[in-house]
Amino acid sequence: MEEVTKKDIRDRVLAVRDAMTVEEWRQKSRQIRRNLMRLPVFDRAAHILSYVNYRREADTEELIRMCLAKGVHVYCPLVDGKSMEFYEIYAAEELQKGFQGILEPPARKECLFAPYGRETDTLMVMPGAVFDRAHHRIGYGGGYYDRYLQRVPDIATAALAFSFQVRESIPYAPHDIRPQIIVTETGEI
């Protein structure tokens, strides 16, 4: 029997995700956002580190706008080579095309997220291609979130995904960092 690789699984699931209609994507993204916002960990968060959706990832742009309107500190990722840092934004309009065409914040030193002392009121909203019920995650192959979370291990993490992105089990490596919660349109895992 031929072994199924992370890449094989990622490619299959992303093909399904990319085939969603715009209306289906919007509706499911809206429900994912509602489910996330019901979580106590979200309610406690004064600092949100959020990916900015790209292609058909679960939408975060409305989440970012809502958090900013509530006065929550919002930080988005900026990729530089093999590293990634989160920078605070004050308006969604600050985001500009960066790494692989993904919207990123400007690199302002004074806006760099400093986690120390903020661990208990910070939530990272992270992307992924595929997850399993044990919270293992297949990302996009760059390892950016794994490396970042190795440096900043004590913040709460929630991954956003469509329910078809969650499998019973997937291959994983010991260095892969699992999100604490996976939020889909049907609920949380």
Side-chain angles (χ1 to χ4, degrees), residues 6-39 41-42 45 48-68 72 74-79 84-87 89 92-105 113 123-133 135-149 155-167 170 172 176-189:
K6 284 182 173 186
K7 182 183 180 331
D8 294 333
I9 295 168
R10 178 189 308 119
D11 289 350
R12 288 181 200 156
V13 171
L14 293 182
V16 173
R17 190 190 74 186
D18 291 346
M20 279 192 298
T21 66
V22 172
E23 188 49 43
E24 180 183 17
W25 173 78
R26 282 187 183 135
Q27 186 271 328
K28 288 182 178 186
S29 289
R30 192 171 23 253
Q31 192 57 51
I32 290 170
R33 184 173 56 253
R34 286 183 189 133
N35 290 341
L36 174 67
M37 294 175 84
R38 288 185 187 125
L39 298 175
V41 69
F42 180 85
I48 299 282
L49 280 61
S50 179
Y51 73 94
V52 181
N53 61 279
Y54 181 65
R55 294 188 183 153
R56 294 286 175 152
E57 290 175 325
D59 179 49
T60 57
E61 290 183 33
E62 186 60 28
L63 173 70
I64 289 168
R65 290 179 196 285
M66 292 170 83
C67 288
L68 289 168
V72 175
V74 176
Y75 303 79
C76 295
L78 175 70
V79 171
M84 177 177 73
E85 295 293 344
F86 284 80
Y87 291 87
I89 62 167
E93 293 73 26
E94 292 179 44
L95 299 169
Q96 52 199 310
K97 281 189 178 183
F99 178 72
Q100 293 189 354
I102 300 169
L103 294 177
E104 295 181 324
F113 177 70
L123 173 64
M124 175 186 281
V125 177
M126 60 193 297
V130 189
F131 302 89
D132 71 15
R133 299 219 164 266
H135 296 209
H136 295 110
R137 171 182 174 271
I138 297 175
Y140 298 99
Y144 294 99
Y145 282 85
D146 290 327
R147 284 192 297 277
Y148 187 85
L149 288 168
I155 58 175
T157 54
L160 305 187
F162 301 105
S163 57
F164 62 79
Q165 291 178 264
V166 181
R167 301 294 173 98
I170 58 174
Y172 62 91
D176 293 339
I177 295 184
R178 300 181 297 169
Q180 295 162 343
I181 303 166
I182 302 167
V183 182
T184 73
E185 74 276 13
T186 60
E188 68 177 271
I189 300 169

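None of these values were measured; they are calculated from a predicted model.
Leu63 is listed as a side-chain neighbour of Phe42, based on a closest heavy-atom distance under 4.5 Å. Contact annotation: the side chain of Ile189 approaches that of Arg133 to within less than 4.5 Å [non-hydrogen atoms, C-beta and beyond]. With a 4.5 Å cut-off on side-chain heavy atoms, Gln165 and Arg10 do not count as touching. The side-chain heavy atoms of Thr184 and Phe164, taken from C-beta on, include no pair separated by under 4.5 Å. Lys97 is listed as a side-chain neighbour of Leu103, based on a closest heavy-atom distance under 4.5 Å. Between Val13 and Ile138, the closest side-chain pair of non-hydrogen atoms is not below 4.5 Å. At least one side-chain heavy atom of Glu104 sits less than 4.5 Å from a side-chain heavy atom of Val79. You'll find the side chain of Leu36 reaches within 4.5 Å of the side chain of Leu123, heavy atoms only.
Using modelled atom types, one side-chain atom of Arg56 and one backbone atom of Met20 make a donor-acceptor pair closer than 3.5 Å. The closest donor-acceptor contact from the side chain of Arg26 to the backbone of Thr21 lies at 3.5 Å or more, if one exists at all. Of the possible polar contacts, one joining the Thr60 side chain to the Asn53 backbone as a donor-acceptor pair under 3.5 Å is found. At least one donor-acceptor pair closer than 3.5 Å links the side chain of Tyr54 to the backbone N or O of Gln100.
Note on Arg17 versus Glu24: no salt bridge recorded, every NZ/NE/NH1/NH2 to OD/OE distance being 4.0 Å or above. Salt bridge annotation for Asp18-Arg55: absent, with no cationic side-chain nitrogen under 4.0 angstrom from a carboxylate oxygen. Remark: Arg12 does not engage Asp8 in a salt bridge, criterion side-chain N to carboxylate O under 4.0 Å.
The CZ atom of Arg167 sits 7.0 Å away from atom CD1 of Ile9, with the distance rounded to the nearest 0.5 Å.
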Determine, stepwise, if the pair Gln180 / Val41 fulfils side chain to side chain contact (heavy atoms under 4.5 Å, CB included). CA-CA 11 Å; Gln180 295 162 343; Val41 69; 5.8 Å; no

Could you give me the CA-CA distance, side-chain angles and deciding distance for His135 and Ile182, then say whether side chain to side chain contact (heavy atoms under 4.5 Å, CB included) is met? CA-CA 7 Å; His135 296 209; Ile182 302 167; 4.1 Å; yes

Could you go through Tyr51 and Ile102, starting from their C-alpha distance and side-chain angles, then the distance that decides it, and tell me whether this counts as side chain to side chain contact (heavy atoms under 4.5 Å, CB included)? CA-CA 10 Å; Tyr51 73 94; Ile102 300 169; over 6 Å; no

Carefully, step by step, assess Phe86 and Tyr148 under the rule ring-ring contact (aromatic ring centres under 6.0 Å, His included). CA-CA 10 Å; Phe86 284 80; Tyr148 187 85; 5.0 Å; yes

With side chain to side chain contact (heavy atoms under 4.5 Å, CB included) as the test, would you mind laying out the steps for Glu85 and Leu78 before giving the verdict? CA-CA 5 Å; Glu85 295 293 344; Leu78 175 70; 5.5 Å; no

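Here Phe99 and Tyr144 bring their ring centres to under 6.0 angstrom of each other.
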